[in-house]
Amino acid sequence: MNFQQEIIKLLVKETKLKKAELENLISVPPDPKLGDYAFPCFKLGKNPKEAAEMLKKKLKLPKFLSGVQVVGPYLNFYVKNEVITEETLSKITKNKEDYGKQDIGKKQKVVFDFSSPNIAKPFGIGHLRSTVIGSCLYKVHNFLGYKSVGVNHLGDWGTQFGKLIVAFNKWGKEKELEKDPIKYLLKLYVKFHEEADKDDTLNDEAREAFKQLEEGNEKYLSLWESFKELSLKEFKKIYQVLEIEFDSYHGEAFYNDKMEKVINNLKKKKLTELSQGALIVDLEKYKMPPILLEKSNGATTYHTRDLAAANYRLKQYKPIKLVYVVGSEQKLHFRQLFKVLELSGEDVSKFTHVDFGLFRFPEGKMSTRKGKVIFLEEVLDKAIKLTEKIIEKKNPNLKNKKEVAIQIGVGAIIFADLSNDRTRNIDFDWDRMLSFEGETGPYVQYTHARACSILRKAEKSFTKVNYSLLNNEEELAVIRLLYDFPAAIEKAAKDYKPHHIANHLITLSQAFNEFYHKCPVISERDEQMKARLLLVDSVRQVLENGLGLLGIKAPDEM
Ligand code: ARG
C-alpha cells in the first residue's frame, strides 16, 4: 500500500484539488512527531488554518491512519505504526533482493554513455567517476523497470592516433609495446610532444597520418587496431575488478562511415558554413562558439562523431532518454551538441548531460601530455592493500581475507564517489574513506556484517512475528527508513544522482546502530526477540540491495 497515494485519493474527494497538484503539495515532515505526511492548506481558502480545521472535521479516517492533526496551516496525517511495520517488513520478507523494484519504466529504453576512456591513454580518474556513476544509474533504471543500454563510447579515433602512428614509426619497438602497452604508448606520446615542441613539422606529419588513417591506409589501420586491442585488454581488467559490463563498445571509430550522412543532412538544412576552409555550424545566436564538423584538411572531429553517435542511438535503440555521464569540463561540448541536434529537428528533451566534478587525489593532478598520470590500477591496489592491513588488525582470523579486502577497498572508493552530490569536487582522503566509522562504504558494509552476525548467533527462525512488539522510538525510526528506501531509489533516478541512495544507506546504518545499542536482541524474551530478529534481517536485506545498486558488495563477515 502506498500511503501517500491513499491520502491523495482521500483529498481528491474532499478538496476538489487535482491529483497531480496534491502530489506536489504533500510532503514528509522532517520531524516524525509532526506525522508521516503533511498537507499545506493554503489553496483551500483565505484562512488556511481554519480550512485545515474544517477539513479535519470532514474527513472520515481510513483504517490505516491513527489520526490527523492541525499544525498551523498544515493538516498532518499519522499512519498507524503497526500498519507501516507490517506493510514494510512483510514486503521485504517476500520480495528479498527485489525489494525496492518498481515498474515505472515499462521496459522503455534509456541509453547510458559512460566510462568511455581513450585508447592508448591511461584510464583516468574522470573515467573512473563516469564508470561508477554511469553503472549505478544503469542498474537503478533497470531496477525501476526501464531497459538500460550501456554504451562505452571509446575514444578510439582522432588526431592523437596520428601522433602515435608517427611516434611509433619513428621510435617504437614491438616488444616493448606488448610488455606494458598503455605505459609504453604513453611514453611514446610524451616523447612525441617533447620532440614536437622542438620541431613543429612533426605536428603536420601527425595530422597527415590521421588523415590517411581516416582514408583507410592499411598499414596505419593495422597499427591502430593493435593499439586498440592492447588498450582494451587493460581496460577490461579494471572493469573486471569493478564487475561492470557494457552492452556496446562502439567507440568513436565506429562512426567513421556514418559521418558523411550527418554532414550532408546538416548541409541540406542549411545549417553549415565554411570558415577559413573548415566546415562549421555557427552558434553565435545561441552565445556559443561554433562547432567544427570538418577541419580544413577534411578530417572530422569529436563533435562530428558525437552527432553521428546520437543519430545512430536514436535509430538503433529508440530510447526515451539518452544520458551522457561525462565530466563537467565538457559542459560546453554537450550544450553545443544538443543545440545542433535541436536545430536539425531532434527532440532534445530526450538528451541529458549528467556531469560531475573532479575527484582530487593527494598525489596531484594529471597531465597525459607530460606523462604525469595516476594509474587507476595503482589506486585500486593501494585501497586493497590498506584494507588488508586494517583487517589484519581488526579481524586476523577472518576467512577469505583477500576477497573481502577487495570488496571493502574497492567499495570504499566507489562509496566515496557516490555519496557526494556528483556535481561537487571531492578531495580524496585515504584514511577517511577507508574508516569503518563515519559516512563511508566500510561503515555501511560493517553494519551489514554486524546484522549478519546477530542473525548467525541467534540461530532462530522468525516467522509469524507479532509486529506490534516493534514500537519503540529506535525501532520505528529504522522501519520508517526501510519503508522509504524505494522512494530514495526513485529520487536517484529522477535526478540522476546516486547519492540519494548512498545517503539513505548511511542514515539507515546509523539508525540501525542506534537501535542495536539501545535494544537487546538475542537476550530478549522469545516473542520480542523474534520481532527484533525480523527487523535485523530486513535491515540486512535493504543494505545489501542498496549497496548492490551502487555496485558494492556486502560481505557477511569482515
Ligand atoms: N573519451 C572522452 C574523454 O575521455 C569521453 C567521451 C564521452 N562520451 C561522448 N559521447 N562524448 O574525454
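Read the numbers this way: they start at 1 and go in the same order the structure lists the ligands and their atoms. Note that the coordinates shown come from a computational prediction; the quantities given were computed from them, not determined experimentally.
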May I have the list of side-chain donor-acceptor pairs in residues 263-281 shorter than 3.5 Å, sequence neighbours left out?
{"unit_1": "Asn264", "atom_1": "ND2", "unit_2": "Glu260", "atom_2": "O", "d": "3.4"}
{"unit_1": "Lys269", "atom_1": "NZ", "unit_2": "Ser344", "atom_2": "O", "d": "2.9"}

Self-check item: Qualifying salt bridge (Lys or Arg N to Asp or Glu O under 4.0 Å) pairs, either residue in residues 125-153, two or more places apart
Solution: Arg129-Asp417
Quiz prompt | With Phe143 via side chain to side chain contact (heavy atoms under 4.5 Å, CB included) - residues at least two apart | solution = Lys101, Ile489, Leu549
Quiz prompt | Smallest separation among heavy atoms of Met259 and Thr300, with atom names | solution = CE-OG1, 3.5 Å
Self-check item: Contact summary for His141 and Val110, nearest pair of heavy atoms
Solution: CD2-CG2, 4.1 Å
Quiz item: So, do Tyr496 and His353 have ring centers that fall under 6.0 Å from each other?
Solution: no
Quiz item: Around ligand 1, what residues show up once you keep those with a heavy atom under 4.0 Å from it?
Solution: Asp113, Ser116, Asn118, His127, His153, Tyr302, Asp306, Tyr324, Val326, Gln330, Phe334
